[in-house]
Peer 1: 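Before we start, here is the structure in question, set down as structure tokens.
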Number of protein chains: 2
Amino acid sequence: MSGIKDVAILAGVAVGTVSRVINNTGAVKPETRRKVKAAIEQLNYVPNEVARNFKMQKSKMVALMLPSIWHPFFSELAYYIEDELDREGYKLMLCNSGGKPEKELYYLDMLEQNKVAGIVGITYNDIENNVSTDIPIISIDRHFSKKITCVTSDNFEGGRLALRELVKAGSKKPAFMGSVTSVFSETMNRREGFVQEAEALGVEYIVYEESDPVQDDESYYGNFIKRYQDVDGVFAITDMFAAKYIEYAKQQGIRVPEDVKVIGYDGIQDHTYFHPVISTIRQPVEEMARLAIKLLFKKIEGETLDRDTYRIPITFRKGETT
Amino acid sequence: MSGIKDVAILAGVAVGTVSRVINNTGAVKPETRRKVKAAIEQLNYVPNEVARNFKMQKSKMVALMLPSIWHPFFSELAYYIEDELDREGYKLMLCNSGGKPEKELYYLDMLEQNKVAGIVGITYNDIENNVSTDIPIISIDRHFSKKITCVTSDNFEGGRLALRELVKAGSKKPAFMGSVTSVFSETMNRREGFVQEAEALGVEYIVYEESDPVQDDESYYGNFIKRYQDVDGVFAITDMFAAKYIEYAKQQGIRVPEDVKVIGYDGIQDHTYFHPVISTIRQPVEEMARLAIKLLFKKIEGETLDRDTYRIPITFRKGETT
DNA sequence: ATTTAGTATTGAAACGTTTCCAACTTGATG
DNA sequence: CATCAAGTTGGAAACGTTTCAATACTAAAT
């Protein structure tokens, strides 16, 4: 493995000169440049990026921390984030926290030690107080504080839109179906929007919210169905919630959309091969991803951002459930 | 940002000693250790991993190169790979090649420059001849040569099993439906197994294979349906192929499974909320992921592997399409 | 021929670790 | 008391770059 020194010797110049040729910095005579390039060619030299990162005290690595890449929403997000990073020659490090706070902290430590250039996080911890150095951070869908810029879909408008669409589809008594995972989560606003719009329109509504349905789907959806027999519309906080509800409802002989209209949130289905195709509030995932990275780059460059939360408009996508 | 030197000064020892304390290497008196730890605590010192990587000439970073993390099969794979890597303190770098050969090559260069400890690749290029240094590589589902160890599901047995299950479900004239993407792909063996078992059992069968249906689903599935009206069973090379076929078939009034039984491959659905739930040959994704990483670690340690292809048994998972 | 103002190039320091050898301390042994 | 081995510690080199002050050229202007 030859280094810059070998190139310098072969080309008969100093290492500094080789460095300047490689990085196109400073002035170097065409003739010298030619010699150096020839030497590089001959030795099959490739710059050692690790050494460079070390010397420069910074790397072109950005970490993406999320609960699980397995979830379709996150994998779509990761896809666009990687793409956007690559455009600027940055690399992506993937950290699955499993949604476990202690693992988030552990990863944060690790990222600090590894001097990543920035972090995009979808976390439960308020990472602000746990990251000691000033690594630039953008969070998605979580609002912590001014220091950590948040990119999110317009959840509030999403909630309002969902309510309106349910009503438009004929629902007289719609319900919001959700759960609470993190107090920092922006997703709360979906409920807020839903409620506010219902009140504004004078529509009777229900709010069903339990802390962690993941533990026991059976009782979460069973209880809902049993308790609110007269509900004829459901705005589920997530497409997965919607899908599960529909499945349980079907088992109880409830037909969707005939008996109950259902709208989800996310838009994880990008095709129509699996049914039901859920009517949903589509998150602008690509836009969110690209914006997040662009903002992160600005922070890395030292710019200060003009806002602490960036909300991107959502759209309704009609499926088979309304 | 304080370094090892600051710690050494504060503790009144030499940098070498601090290093030994941090890494628990060599002998150091309890009293000295205490002093050093105190200094570390006081200065809030964290070791600079980048400097360490540089000095050590190796990093604990493994790259995963795949066509698109967005695809559910790959995102599940990535999930387990990250998990397995983390157990040994390794980090995961994610590279979406988009299936583009030139991008694969570009990433390979980059990974070499970044001195990653190893690569797990699902690629179209024969990466063997394009990676000049000897970075350990494990490939998934692609068999190139002895140098690159391959981890794959037992595609051949999968093909045989699919044929048998179709027959068992009542199909008299089953078809294999696939495409050719890479000559190195192990997935060819699905067809081989299917064909061989059909011949062994004396079952009449069809093989439908076109190069790249992604371009034009309409004609790919349309042609198949038009051409083989008497087919009553389909083994699709992928669950996505199966789902698409079913959708197009439905439009032509063909009922699944009444008129045609369908079996896919992969097992990307880990739930039953979306329909049809496809009968499928389930890839042991978790096992493949963990094995791939374990083998990669062995290669990193310098061990030589006893085989050049590791095939993991598959299972049939019944859904609603047989 | 000498100065001048660029332009090109050199050489060495620095980045934060690990590692290795030499040197110093101990405490036990003869 | 001298010797020795084992246990500790110090100090410096090395890893492959970038960068910067200093020096060496070059060509035009005097």
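To find a chain, count down the sequence lines: A is the first, B the second, and so on, and within it residues start at 1.
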Peer 1: Taking 5' to 3' order, which nucleotide of DNA chain D is first and which is last to have an atom within less than 4.0 Å of a heavy atom in chain A?
Peer 2: D/dG16 to D/dT19

Peer 1: Is there a donor in the side chain of A/S139 and an acceptor in the side chain of A/R142, or the other way round, less than 3.5 Å apart?
Peer 2: no

Peer 1: Checking A/M188 now: which residues fulfil side-chain contact (heavy atoms from CB on, under 4.5 Å) with it, not counting sequence neighbours?
Peer 2: A/V180

Peer 1: What I want to find out is whether B/K91 reaches B/E82 closely enough, with some N-O distance under 4.0 Å, to be called a salt bridge.
Peer 2: no

Peer 1: Each nucleotide N or O in nucleotides 21-25 of chain C that has a protein N or O under 3.5 Å away: list the pair and distance.
Peer 2:
none

Peer 1: Go through the structure and list residues passing ring pair (Phe, Tyr, Trp, His ring centres under 6.0 Å) with B/Y124, not counting sequence neighbours.
Peer 2: none

Peer 1: Can you list every pair that meets side chain to side chain donor-acceptor pair (under 3.5 Å) and has a residue in residues 290-299 of chain B, with sequence neighbours left out?
Peer 2: B/D83-B/R290, B/E84-B/R290, B/T149-B/K299, B/E286-B/R290

Peer 1: Quick one: are A/I119 and A/V62 in side-chain contact, heavy atoms under 4.5 Å?
Peer 2: no

Peer 1: Per the salt bridge (charged side-chain N to carboxylate O under 4.0 Å, His left out) rule, what does the pair list look like for residues 36-57 of chain A, sequence neighbours excluded?
Peer 2: A/E49-A/R52

Peer 1: So what does A/G3 touch, heavy atoms closer than 4.0 Å: a base, only the sugar-phosphate, or nothing?
Peer 2: sugar-phosphate

Peer 1: Got a sec? Which of residues 48-59 of chain A come in under 4.0 Å of DNA chain C, heavy atoms?
Peer 2: A/F54, A/K55, A/Q57

Peer 1: To the nearest 10°, give me the bend of the helix from C/dA1-D/dT30 to C/dG30-D/dC1, comparing the axes of its five terminal pairs at either end.
Peer 2: 70°

Peer 1: Under 4.0 Å between a side-chain N or O of B/T25 and OP1 or OP2 of C/dT19?
Peer 2: no

Peer 1: Restricting to ring pair (Phe, Tyr, Trp, His ring centres under 6.0 Å), what partner residues turn up for A/Y107, sequence neighbours left out?
Peer 2: none

Peer 1: Check this for me, if you would: do B/D86 and A/K103 make a salt bridge, where the nitrogen-to-carboxylate-oxygen distance has to be below 4.0 angstrom?
Peer 2: yes

Peer 1: Among pairs that include at least one residue of residues 64-78 of chain A, which meet salt bridge (charged side-chain N to carboxylate O under 4.0 Å, His left out), considering only residues two or more places apart or in two chains?
Peer 2: A/E76-A/R282

Peer 1: Look at the side chain of B/N48 and the backbone N and O of B/V50, then say whether any donor-acceptor pair between them is shorter than 3.5 Å.
Peer 2: yes

Peer 1: Show every donor-acceptor pair shorter than 3.5 Å between a side-chain atom in residues 64-75 of chain A and any protein atom, with sequence neighbours excluded, or say none if there are none.
Peer 2:
residue : atom : partner : partner atom : Å
A/S68   : OG   : A/W70   : N            : 3.1
A/H71   : ND1  : A/F73   : N            : 3.0
A/S75   : OG   : A/P72   : O            : 3.3

Peer 1: Applying side-chain contact (heavy atoms from CB on, under 4.5 Å), can you list everything that pairs with B/F297, at least two apart in sequence or on another chain?
Peer 2: B/L85, B/E88, B/Y90, B/I293, B/I300

Peer 1: Considering heavy-atom distances to DNA chain D, does A/T17 or B/T17 have its closest nucleotide positioned more toward the 5' end?
Peer 2: B/T17

